[in-house]
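Any value given below was found using the heavy atoms of this structure, including those in side chains, with hydrogens, waters and symmetry copies removed. Below, chains carry the letters A, B, ... as their sequence lines are ordered, and counting in each starts from 1.
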Amino acid sequence: MLMERLILIAMWLFGFVAFILFIPRKEWRKGFLAFLMFQAVIWLCDMPSFQFELLSAPVREFPKATDLPLTIDYFFYPVLFSIFYVKKREKGRPWSRISSFFVWISVITLLDVVIERYTGLLEYKLLTWYGMWIYMGFLFYVSQVLCNWFFKEKSLFQAEWWGHNED
Amino acid sequence: MRIEWWIILSVYAVSTGILLFIPKNKIRLAVVAFLFNQIVTFLIGLVVVEWGLLEYPVRCFASINRASFTFEYYAFPTVCAAFNVWYPSNRSIFIQLGYYAGFCSVMTIGEVIIEKYTNLIKYLHWEWYISWVSICLTLFIVRLLCVWFFAKGKV
């Protein structure tokens, strides 16, 4: 129990520090939007995953209110995704972009598997490690597509706001 | 089918309808308001259920989630998106305050009626004015965030 709690605290601390350190201040909006987007996608996908017992979270923050792991779904993975999204090179060769995507999801899957094996924070039931890898790839891909749509035209989203205020 | 499930279905239908009415040129504002509202509401929603202040006897994903997925993930974010899209930012402060009060009151009245006549929500240690204040605060926080997010020129 104590180790799990320490890991959760470490996730919050590391998440905050990583967001501030790795995302330049002028990209905070981009990082924040990526965070929000991933958070929405992972909640939506984790609800049925937990309902159908693909995995479970025996040790969690709100044991009474929800069976989902709050820190991981709500904060830690979204932060990791936002760093991935801000850091990814847009102009690199397709090969380097694809490989960086797979390195990211593989490392996060590895982290997830380690958490599953050595702590009570997660427990795979029907899910296997390669299932998690595919699931993580799916979450990252969907979130990335949604974020790319949002930032499709760089200056557009601010123009929308100002158009709205000048109505 | 019980009345509760018809209400949940119609909440999804009405929310989707509201989202479809959002003008295309304000869709990004709506997205930011929607998503940011989700994280605020989700956290508060879980906390109040954990503390036993509220209860949602009939709900989606019932076996794993004791909070209201429908309200926290979809209905309230939709209302918040609409709130921000049609916000009267050039009008006087009284109209803006009235706009807040109108949204909070309509939502609170809806919630009180649902509480009273259906099994969708039960107040355990809760009052209607706590709903009113928390809805108002949430709308305000999300509004602040949207103003920051779309601020021109500033870092």
Asker: Consider only side-chain heavy atoms of I, L, V, M, F, W and Y, link residues closer than 4.5 Å, and tell whether B:I135 and B:V14 are in one cluster.
Answerer: no
Asker: Can you see which heavy atom on A:Q39 is nearest to which on B:L35, and at what distance?
Answerer: NE2-O, 4.2 Å
Asker: Got a sec: does the CH2 of A:W129 have more than 12 other heavy atoms crowding it under 6.0 Å?
Answerer: no
Asker: If you compare all heavy atoms of A:L44 against all heavy atoms of B:Y73, which two are closest, and at what distance to 0.1 Å?
Answerer: CB-OH, 3.3 Å
Asker: If every non-hydrogen atom of A:F150 is compared with every non-hydrogen atom of B:R28, which pair is closest and at what distance?
Answerer: O-NE, 2.6 Å
Asker: Among B:L145, B:V49, B:I39, single out the residue with the greatest number of heavy-atom pairs under 4.5 Å to chain A.
Answerer: B:I39
Asker: Transitively linked via ILVMFWY side-chain contacts under 4.5 Å: B:F71 with B:I141?
Answerer: yes
Asker: Any link between B:I18 and B:Y74 through a network of hydrophobic side chains (Ile, Leu, Val, Met, Phe, Trp, Tyr) touching at under 4.5 Å?
Answerer: no
Asker: In terms of heavy-atom proximity below 4.5 Å to chain B, should A:P78 be classed as side chain, backbone, both, or neither?
Answerer: neither
Asker: Mind listing the closest non-hydrogen atom pair of A:K64 and B:R66 along with its distance?
Answerer: O-NE, 2.8 Å
Asker: Against chain A, label B:F34 side chain, backbone, both or neither, depending on which of its atoms sit under 4.5 Å from a heavy atom there.
Answerer: neither
Asker: Shorter than 4.5 Å, heavy atoms on both sides: which option in B:V31, B:V47, B:L46, B:V48 has the most such pairs with chain A?
Answerer: B:L46
Asker: Can you confirm whether A:R97 is buried at CZ, in the sense that more than 12 heavy atoms of other residues, nucleotides or ligands lie under 6.0 Å from that atom?
Answerer: yes
Asker: Is it the case that the side chain of A:R29 and the backbone of B:W148 share a donor-acceptor pair, with hydrogens and angles ignored and the cut-off at 3.5 Å?
Answerer: yes
Asker: Answer with yes or no whether the hydrophobic clustering places A:I9 together with A:L122; edges join I, L, V, M, F, W, Y residues whose side-chain heavy atoms lie under 4.5 Å apart.
Answerer: no
Asker: A:I105 and A:Y141: same hydrophobic cluster, using ILVMFWY side-chain contacts below 4.5 Å?
Answerer: yes
Asker: If I compare all heavy atoms of B:F61 with all of A:Q51, which pair ends up nearest, and what's the gap?
Answerer: CA-OE1, 3.0 Å
Asker: Taking atom CZ of B:F42 and atom CG of A:D73, what is their separation to the nearest 0.5 Å?
Answerer: 9.0 Å
Asker: Select all residues of residues 102-119 of chain B having any heavy atom within less than 4.5 Å of some heavy atom of chain A, and report them by number, or 'none'.
Answerer: none
Asker: Provide the closest heavy-atom pair for A:D67 versus B:S63 in the form atom of the first, atom of the second, distance.
Answerer: OD2-O, 3.5 Å
Asker: To the closest 0.5 Å, what do you measure between CZ (A:F62) and CG (B:N65)?
Answerer: 12.0 Å
Asker: Measure centre to centre between the rings of B:F36 and A:F32, then say whether the value is under 6.0 Å.
Answerer: yes
